[in-house]
Amino acid sequence: MIVKVLGAHNCETRDTRLTSLLLNDTIAIDAGGLTSSLSTGEQLKLKAVLLTHQHYDHIRDIPSLLMNFYLHNSSIDIYSSQEVYHSLSGYLMNGEIYPEFLKRKPAGPANFIAVEPYHAYNIGSHTIFTVPSNHSVPTLGFQVTSADGKKMLYTGDTGPGLVFWQQVSPHLLITEVIASNRYNSFALEKGHLTPSLLEGELKVFREANGYLPQVVLVHLYSDLEDEIKAEIDDVVRDLQHPIEIGYEGMEINL
């Protein structure tokens with residue numbers, strides 16, 4: 001499995017993009033930095049987009065992606081919750097802000113598939129298993145298993161207290177750390193992780209599964225990145241396990 005980090009941050013600048021991942025060039029997870037990272041040809045190779053939740057920095061590029069599919073008489077599957085469908089169809093693509101691509105039946109550029117936690121779905125040669133994350137709105141994490149058995153788990157935006165660790169067995173864990181430890185109160189209130197909160201979750205994972213997977217962090221606030229990195233170094237020493245900071249253009253080969 002080849003995992004590409006298209007966007008690794010929660011704010012967009014000249015040098016940073018909003019959160020988005022690409023798996024084996026055919027499945028995207030979240031769409032904050034999707035169309036700005038891929039050529040038209042690369043976008044049309046996509047078979048599906050998995051959306052964790054409806055916050056703008058995770059769904060922003062869906063309208064422009066669907067416009068490209070529409071103009072090329074093609075279509076793509078979108079997997080997410082009913083809450084995400086409501087936000088996309090009721091706000092971003094409601095016929096006033098952008099065309100009603102999700103409501104065009106039977107021949108529209110998108111096929112929306114509503115999913116629920118703890119269910120498995122097949123996308124080509126990949127199996128998708130959904131889990132509930134702990135964010136300020138209903139949020140899904142996705143464990144993706146490729147044909148060769150490699151597993152990647154992306155939690156999406158989440159705070160501590162995840163309840164699904166015994167249900168998953170990833171080789172690669174991609175999760176978030178939005179800010180440094182001095183923002184713990186904010187993170188707990190809004191459903192995010194800091195380095196210290198992440199450390200607690202990784203300890204729970206290791207106790208439940210007997211190992212720690214490869215760990216990569218995204219959804220970083222770029223103005224705090226140096227501070228986050230320094231505190232992650234402390235977590236690495238405590239856990240005796242490497243943790244990588246994600247960045248735009250990062251490629252992981254499992």
Side-chain angles (χ1 to χ4, degrees), residues 1-39 41-43 45-53 55-62 64-65 79-80 123 126 128 131 133 135 139-146 150-158 168 170-179 192-195 198 201-202 212-229 232-233 235-236 241-254:
M1 181 188 297
I2 298 175
V3 181
K4 298 176 183 177
V5 179
L6 304 181
H9 293 83
N10 75 325
C11 291
E12 186 174 65
T13 68
R14 180 193 64 187
D15 303 313
T16 63
R17 290 193 179 102
L18 302 176
T19 305
S20 190
L21 305 173
L22 180 65
L23 280 61
N24 289 339
D25 293 329
T26 59
I27 297 175
I29 308 183
D30 281 342
L34 190 53
T35 53
S36 59
S37 300
L38 301 177
S39 68
E42 289 169 330
Q43 291 175 44
K45 289 180 181 178
L46 293 172
K47 302 301 181 185
V49 180
L50 318 178
L51 299 175
T52 58
H53 64 294
H55 283 160
Y56 180 75
D57 55 325
H58 297 262
I59 64 172
R60 186 193 67 176
D61 285 356
I62 291 297
S64 53
L65 178 72
Y79 290 78
S80 195
I123 302 175
H126 299 81
I128 314 300
V131 290
S133 290
H135 192 37
T139 299
L140 292 170
F142 297 98
Q143 180 172 267
V144 182
T145 305
S146 60
K150 296 297 185 181
K151 297 179 182 179
M152 187 283 304
L153 171 64
Y154 173 51
T155 66
D157 289 5
T158 189
V168 295
H171 300 94
L172 168 66
L173 170 64
I174 300 181
T175 190
E176 67 129 279
V177 165
I178 194 173
H192 289 291
L193 292 174
T194 63
L198 171 70
E201 285 303 299
L202 292 179
L212 282 175
Q214 181 179 356
V215 180
V216 174
L217 306 179
V218 296
H219 202 253
L220 305 154
Y221 179 37
S222 56
D223 285 359
L224 296 173
E225 197 156 346
D226 289 342
E227 197 172 332
I228 293 169
K229 287 178 178 177
I232 288 296
D233 287 342
V235 177
V236 168
H241 186 79
I243 297 172
E244 298 176 90
I245 302 294
Y247 56 87
E248 285 71 18
M250 183 180 192
E251 188 170 307
I252 305 157
N253 196 337
L254 289 181

Partner of H192 under side chain to side chain contact (heavy atoms under 4.5 Å, CB included), chosen from T158, V177, D157, N10: D157
Between I29 and I174, is any pair of side-chain heavy atoms under 4.5 Å apart? no
Can you find a heavy atom in the side chain of V5 that is under 4.5 Å from one in the side chain of L21? yes
Side chain proximity check, L18 to D61, heavy atoms < 4.5 angstrom: no
Determine whether N24 and M1 make a side-chain contact, defined as any pair of heavy atoms from C-beta on separated by less than 4.5 Å. yes
Sequence neighbours excluded, which residues qualify as side-chain hydrogen bond (donor to acceptor under 3.5 Å, both in side chains) partners of T155? T175
Go through the steps to decide whether T16 and S222 satisfy the test side chain to side chain donor-acceptor pair (under 3.5 Å), and finish with yes or no. CA-CA 8 Å; T16 63; S222 56; 4.7 Å; no
Could you tell me whether the side chain of Y154 reaches within less than 4.5 Å of the side chain of V3, counting heavy atoms only? no
R60 and S20: CA distance, side-chain angles, deciding distance, side chain to side chain contact (heavy atoms under 4.5 Å, CB included) verdict: CA-CA 10 Å; R60 186 193 67 176; S20 190; over 6 Å; no
So which heavy atom on L51 is nearest to which on S80, and how close? O-OG, 2.7 Å
From CG (L6) to OG (S36), nearest 0.5 Å: 8.0 Å
Among all residues two or more places apart in sequence or in another chain, which pass the ring pair (Phe, Tyr, Trp, His ring centres under 6.0 Å) test with H9? none
Nearest heavy-atom pair of P213 and P170: which atoms, and what distance? CB-O, 3.3 Å
For K151, which residues count as a side-chain hydrogen bond (donor to acceptor under 3.5 Å, both in side chains) partner, sequence neighbours excluded? S169
Within the distance-only criterion (no hydrogens, no angle test), does the side chain of E42 pair as donor or acceptor with the backbone N or O of S39 below 3.5 angstrom? yes
For a 4.5 angstrom cut-off between non-hydrogen side-chain atoms, does I243 reach L202? yes
Under the ring pair (Phe, Tyr, Trp, His ring centres under 6.0 Å) test, residues paired with H55 that sit two or more places apart: H53, H135
Pairwise salt bridge (Lys or Arg N to Asp or Glu O under 4.0 Å) hits with a residue in residues 242-254, at least two apart: none
CD1 of I27 to NE2 of H126: how many Å apart, nearest 0.5 Å? 4.5 Å
When you look at CG of D226, are more than 12 heavy atoms from neighbouring residues, nucleotides or ligands closer to it than 6.0 Å? no
Please round to the nearest 0.5 Å and tell me the distance separating atom CD1 of I2 and atom OG1 of T26. 10.5 Å
Show, in sequence, the C-alpha distance, side-chain angles and deciding distance for Q214 and L254, and conclude whether the side chain to side chain contact (heavy atoms under 4.5 Å, CB included) test is met. CA-CA 10 Å; Q214 181 179 356; L254 289 181; 3.8 Å; yes
Is any side-chain heavy atom of Y79 closer than 4.5 Å to one of L140? no
List the steps and the verdict of side chain to side chain contact (heavy atoms under 4.5 Å, CB included) for L198 and I232. CA-CA 9 Å; L198 171 70; I232 288 296; 3.9 Å; yes
Look up atom CG in L172 and atom CG in N253, then write down how far apart they are to the nearest 0.5 Å. 11.0 Å
Under the salt bridge (Lys or Arg N to Asp or Glu O under 4.0 Å) definition, can you give me all pairs with a residue in residues 16-27, not counting sequence neighbours? K4-D25
When you compare the side chain of V144 with that of L50, does any pair of heavy atoms fall below 4.5 Å? yes
Only one of T19, D57, D30 passes side-chain hydrogen bond (donor to acceptor under 3.5 Å, both in side chains) with H219; say which it is. D57
Could you give the distance from CG (L220) to CD1 (I228), rounded to the nearest 0.5 Å? 5.0 Å
How close do G33 and S37 get, counting heavy atoms only, and between which atoms? O-OG, 2.5 Å
From CG (L22) to CD (Q43), nearest 0.5 Å: 10.5 Å
Can a donor-acceptor pair be found, under 3.5 Å and without considering hydrogens, that links the side chain of T52 to the backbone of G156? no
